[in-house]
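These numbers come from the heavy atoms of this one structure, side chains and all, not from hydrogens, waters or symmetry mates. Every value quoted in this text rests on a predicted model; they were computed, and no experiment measured them.
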Amino acid sequence: GGGRYSIFGNNLVRGGKGIMGDHSEIYQFTPSTGQIETPYSRVLAQANMATSSGGRLRILDNGDAFIEQTDGERLMRISRDQVRWEYTNVISENTKGEKTTGSLNWSRYLPRDRFDVHWLETLSCE
């Protein structure tokens, strides 16, 4: 909004040199001023959020970011200060505690006001 663009950057350096720095980045660009900001950088670094060949980003209405870490089979919702939640698509775990994960691709975050979720409130996990 407001003429700003949010860009998810893998920070992958061409030529197979790997990820530049230690994590992927969210860049916010304001064309009218030429200003580029990275307001989520500290949280992304702390969460070890790095994906070299894929990923998705959506900035939510409250300023949080929803991210698909495609190479890590992980979804995250972060604020500028903390990880709010994360989900890894674990399929199974072996006796050594090693996890097998399933692919996540083109994940979406759907806010409550976009569709009727009232039926969720009637569910019970008992």
Contact check, side chains of L75 and L104, non-hydrogen atoms, under 4.5 Å
yes

Kindly write out the residues that satisfy salt bridge (charged side-chain N to carboxylate O under 4.0 Å, His left out) with R84, not counting sequence neighbours, or none if the list is empty.
D64

Begin with the C-alpha distance, continue with both residues' side-chain angles, and end with the deciding distance and a verdict on side chain to side chain contact (heavy atoms under 4.5 Å, CB included) for T100 and S92.
CA-CA 5 Å; T100 301; S92 65; 3.6 Å; yes

To the nearest 0.5 Å, what is the distance between CG (L57) and CD (Q69)?
13.0 Å

Examine F29 and Y27 and state if one hydrophobic cluster contains both, with Ile, Leu, Val, Met, Phe, Trp and Tyr joined whenever side-chain heavy atoms are less than 4.5 Å apart.
yes

Residue pair I26 / I7, side-chain heavy-atom distance below 4.5 Å:
no

May I ask you to say whether R4 pairs ionically with E37, meaning some side-chain N is under 4.0 Å from a carboxylate O?
yes

Those residues that, when tested against D71, pass side-chain contact (heavy atoms from CB on, under 4.5 Å) (two or more places apart):
T51, S52, S53

Can you name the nearest heavy-atom pair linking G3 to P31, along with the distance?
O-CD, 2.9 Å

D61: what forms a side-chain contact (heavy atoms from CB on, under 4.5 Å) with it, not counting sequence neighbours?
none

To the nearest 0.5 Å, tell me how far S41 OG sits from R80 CZ.
12.0 Å

Verdict with reasoning, V83 to V43, per side chain to side chain contact (heavy atoms under 4.5 Å, CB included):
CA-CA 7 Å; V83 174; V43 176; 3.9 Å; yes

Give a yes or no on whether the backbone of R74 and the side-chain of N89 come within a donor-acceptor separation of less than 3.5 Å.
no

Using the rule that Ile, Leu, Val, Met, Phe, Trp and Tyr join whenever any side-chain heavy atoms are under 4.5 Å apart, tell me whether I78 and L60 fall into a single cluster.
no

Count I, L, V, M, F, W, Y as connected when their side-chain heavy atoms are under 4.5 Å apart, and connections chain through other members. Are W106 and L110 then in the same cluster?
no

Candidate pair T101 and I91, rule side chain to side chain contact (heavy atoms under 4.5 Å, CB included), full reasoning
CA-CA 5 Å; T101 55; I91 296 172; 5.8 Å; no

Residues Q28 and T38: side-chain donor-acceptor under 3.5 angstrom
no

How would you list all residue pairs meeting ring-ring contact (aromatic ring centres under 6.0 Å, His included) that involve residues 55-76, not counting sequence neighbours?
F66-Y109

Ignoring hydrogens and angles, tell me if any N or O in the side chain of E68 forms a donor-acceptor pair with the backbone of S107 under 3.5 Å.
yes

Sequence neighbours excluded, which residues qualify as side-chain contact (heavy atoms from CB on, under 4.5 Å) partners of T33?
T30, Q35

Nearest 0.5 Å please: distance from the OH atom of Y40 over to the OG atom of S6.
6.5 Å

I'd like to check the salt bridge (charged side-chain N to carboxylate O under 4.0 Å, His left out) partners of R56; sequence neighbours left out, ordered by chain and number.
none

Is there a continuous path of hydrophobic side-chain contacts, each under 4.5 Å between heavy atoms, that joins I36 to Y5?
yes

Take atom CH2 of W85 as the centre, draw a 6.0 Å sphere, and report whether it contains more than 12 heavy atoms from other residues, nucleotides or ligands.
yes

Hydrogens and angles aside, do D81 and S79 bring a side-chain donor and acceptor to less than 3.5 Å of each other?
no

N48 vs H23, test: side chain to side chain contact (heavy atoms under 4.5 Å, CB included). Steps then yes/no.
CA-CA 6 Å; N48 194 31; H23 63 280; 6.0 Å; no

